[in-house]
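These numbers were taken from a predicted model, which means no experiment stands behind them. Residue numbers begin at 1 in each chain, while the letters A, B, ... track the order of the sequences.
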Protein chains: 2
Amino acid sequence: MKLTYKGDYALKAVLDLALHYGQEPVTSHDLAKRIDAPAKFFEQVLTELKKGGIIESRRGNEGGYLLSKSPSKITVGDIIRIIEGPIEPIACVKENYANCTDVNRCVFRNIWQKVYQATSDIIDHVTFEDLMAQVKGQQQIATYSI
Amino acid sequence: MKLTYKGDYALKAVLDLALHYGQEPVTSHDLAKRIDAPAKFFEQVLTELKKGGIIESRRGNEGGYLLSKSPSKITVGDIIRIIEGPIEPIACVKENYANCTDVNRCVFRNIWQKVYQATSDIIDHVTFEDLMAQVKGQQQIATYSI
DNA sequence: TGTATACTCTACTAAGTTAGTAGGAATAGT
DNA sequence: ACTATTCCTACTAACTTAGTAGAGTATACA
């Protein structure tokens, strides 16, 4: 796994939309501003998230983007797979991979399999509901500590 | 973590050298042939492994490369860090990272920290002695099963 | 001392990825 | 009709990956 700017923007955008879940759509412009991403580049990220089925859009005045399902049903892994592609360290980790002479005997494949498993165990079990809870908790602390 | 060809060649080369540990040096040419890597490109990989302190070289006739320490003292993580660089999914995972406005509050950083930890827990604990044992075990089975 | 053998060093390149930029077309609400 | 917004296509500079090319340097051995 390696996180690019695109993935970083995408995660922040989805978290922002999660915090606005059930409310009015949020414009690309507002999102980009809040997460400090170049507006035009960020549009492309939103397009990919839409194609991936994570968000939907409303055009025209009062339009914008919103989550297409509950934050509890979206994981960090979902976003990463859509934006960054497969998370396997090497392609042979996947089942039915034919380009290797002897997949079953390769001592390194076991290692990459474990790394893949460990990584997805983490990112596929963190939902945006979890993240919202953390963010809200932090805001409380911040308020109290002033 | 993403494994490039360079990393793949490096791991295979070190395993091959581990299997020849205590014996005569192995030439770059022979290694490249056995692991099916382009000879000239592969030379660069060996240079990096040498700079990384994993292997040493003997020039001239009867020369070649050999491990600079016991296979039990070299891990997969050592090779990956030398060839592929840092294994953190994003730079902010490292300690004293200044380029972030609020590292302590970022809910995503926790996740990448965990991914980093899980990945290094795996690759830093597999030694080339372990891998040698696996390879030798497989050869036995292969012999018996004919 | 010569020579074959093997490592060493520097430079170049084609293809792909990353992180954008640019400009306009389509659509929806007032 | 006007304005705000998403949608679509194309372009680009910088960087990385996976090599290639060719000359230079050290060593063992005859």
Side-chain angles (χ1 to χ4, degrees), chain A residues 1-13 17 20 24-52 54-68 80 82-87 89-91 99, chain B residues 1-13 17 20 24-52 54-68 80 82-87 89-91 99:
Chain A
M1 250 303 306
K2 200 205 141 195
L3 197 69
T4 66
Y5 272 77
K6 237 178 187 166
D8 187 47
Y9 294 153
L11 289 170
K12 287 175 181 168
L17 290 176
H20 289 85
E24 301 296 293
V26 183
T27 67
S28 167
H29 181 263
D30 283 358
L31 275 173
K33 211 169 168 185
R34 277 203 290 271
I35 72 183
D36 197 36
K40 274 303 215 175
F41 181 57
F42 180 63
E43 276 182 18
Q44 296 174 27
V45 178
L46 291 174
T47 302
E48 288 180 46
L49 287 173
K50 195 190 166 186
K51 277 184 190 160
I54 301 294
I55 61 179
E56 43 193 68
S57 59
R58 301 280 155 80
R59 277 177 146 184
N61 207 347
E62 304 284 291
Y65 292 91
L66 17 73
L67 289 193
S68 58
I80 295 302
I82 288 166
I83 303 291
E84 309 283 10
I87 68 171
I90 189 170
N99 292 26
Chain B
M1 250 303 307
K2 202 203 142 199
L3 197 69
T4 65
Y5 273 76
K6 236 177 189 170
D8 187 46
Y9 294 153
L11 289 170
K12 287 175 181 167
L17 289 176
H20 289 85
E24 300 297 292
V26 184
T27 68
S28 167
H29 181 262
D30 284 359
L31 274 173
K33 211 171 170 184
R34 277 203 289 272
I35 71 182
D36 198 36
K40 273 301 211 176
F41 181 57
F42 180 64
E43 278 182 15
Q44 296 174 25
V45 179
L46 291 175
T47 302
E48 289 181 44
L49 287 173
K50 195 188 167 188
K51 277 183 190 162
I54 300 294
I55 61 179
E56 42 193 71
S57 58
R58 301 279 156 80
R59 279 176 142 179
N61 206 349
E62 304 283 292
Y65 292 91
L66 17 74
L67 289 193
S68 56
I80 295 301
I82 288 166
I83 303 292
E84 308 283 9
I87 67 172
I90 188 169
N99 291 26

Can you tell me how far [atom2] of [N] sits from [atom1] of [X], to the nearest Å?
| X | N | atom1 | atom2 | value |
| --- | --- | --- | --- | --- |
| B:Arg59 | C:dA4 | CZ | C1' | 15 Å |
| A:Phe42 | D:dT5 | CZ | C1' | 14 Å |
| A:Asn61 | D:dT3 | CG | C1' | 7 Å |
| B:Ile55 | C:dA6 | CD1 | P | 16 Å |
| B:Glu56 | D:dT27 | CD | C1' | 16 Å |
| A:Glu48 | C:dT17 | CD | P | 13 Å |
| A:Asp30 | D:dA4 | CG | C1' | 12 Å |
| A:Lys40 | D:dA10 | NZ | P | 15 Å |

Which distance, rounded to the nearest 0.5 Å, do you find between the [atom1] of [X] and the [atom2] of [Y]?
| X | Y | atom1 | atom2 | result |
| --- | --- | --- | --- | --- |
| A:Tyr65 | A:Leu31 | OH | CG | 9.0 Å |
| A:Leu49 | A:Leu11 | CG | CG | 9.0 Å |
| B:Thr4 | A:Ile90 | OG1 | CD1 | 9.0 Å |

Side-chain N,O (B:Thr27) to OP1/OP2 (C:dC7) below 4.0 Å: no

query: Is B:Lys50 near enough to C:dC7 that one of its side-chain N or O atoms lies under 4.0 angstrom from OP1 or OP2?
result: no

query: Above 12 or not: heavy atoms from other molecules or residues under 6.0 Å from CD of B:Glu24?
result: no

task: Mind checking A:Ser28 for me? I need base, sugar-phosphate or nothing, with any heavy atom below 4.0 Å counting as a touch.
output: sugar-phosphate

query: Where is the tightest heavy-atom contact between B:Ile35 and B:Lys12, given as atom of each residue plus distance?
result: CG2-CB, 3.8 Å

query: What are the two closest heavy atoms between B:Leu66 and B:Pro25, and how far apart are they?
result: CD2-CG, 3.9 Å

- prompt: Taking for each residue the nucleotide of DNA chain C with the nearest heavy atom, is it A:Glu62 or A:Ala39 whose nucleotide lies nearer the 5' end?
  reply: A:Ala39

message: Please check: side-chain N/O of A:Ser57 versus main-chain N/O of A:Gly64, any donor-acceptor pairing under 3.5 Å?
response: no

Table of protein N/O atoms under 3.5 Å from nucleotides 14-18 of chain D N/O atoms:
residue, atom, partner, partner atom, Å
D:dA18, OP1, B:Tyr5, N, 3.4
D:dA18, OP2, B:Tyr5, N, 3.3

- request: Give a yes or no on whether a donor-acceptor pair under 3.5 Å exists between the nucleobase atoms of D:dC7, that is its base, and the side chain of A:Glu43.
  value: yes

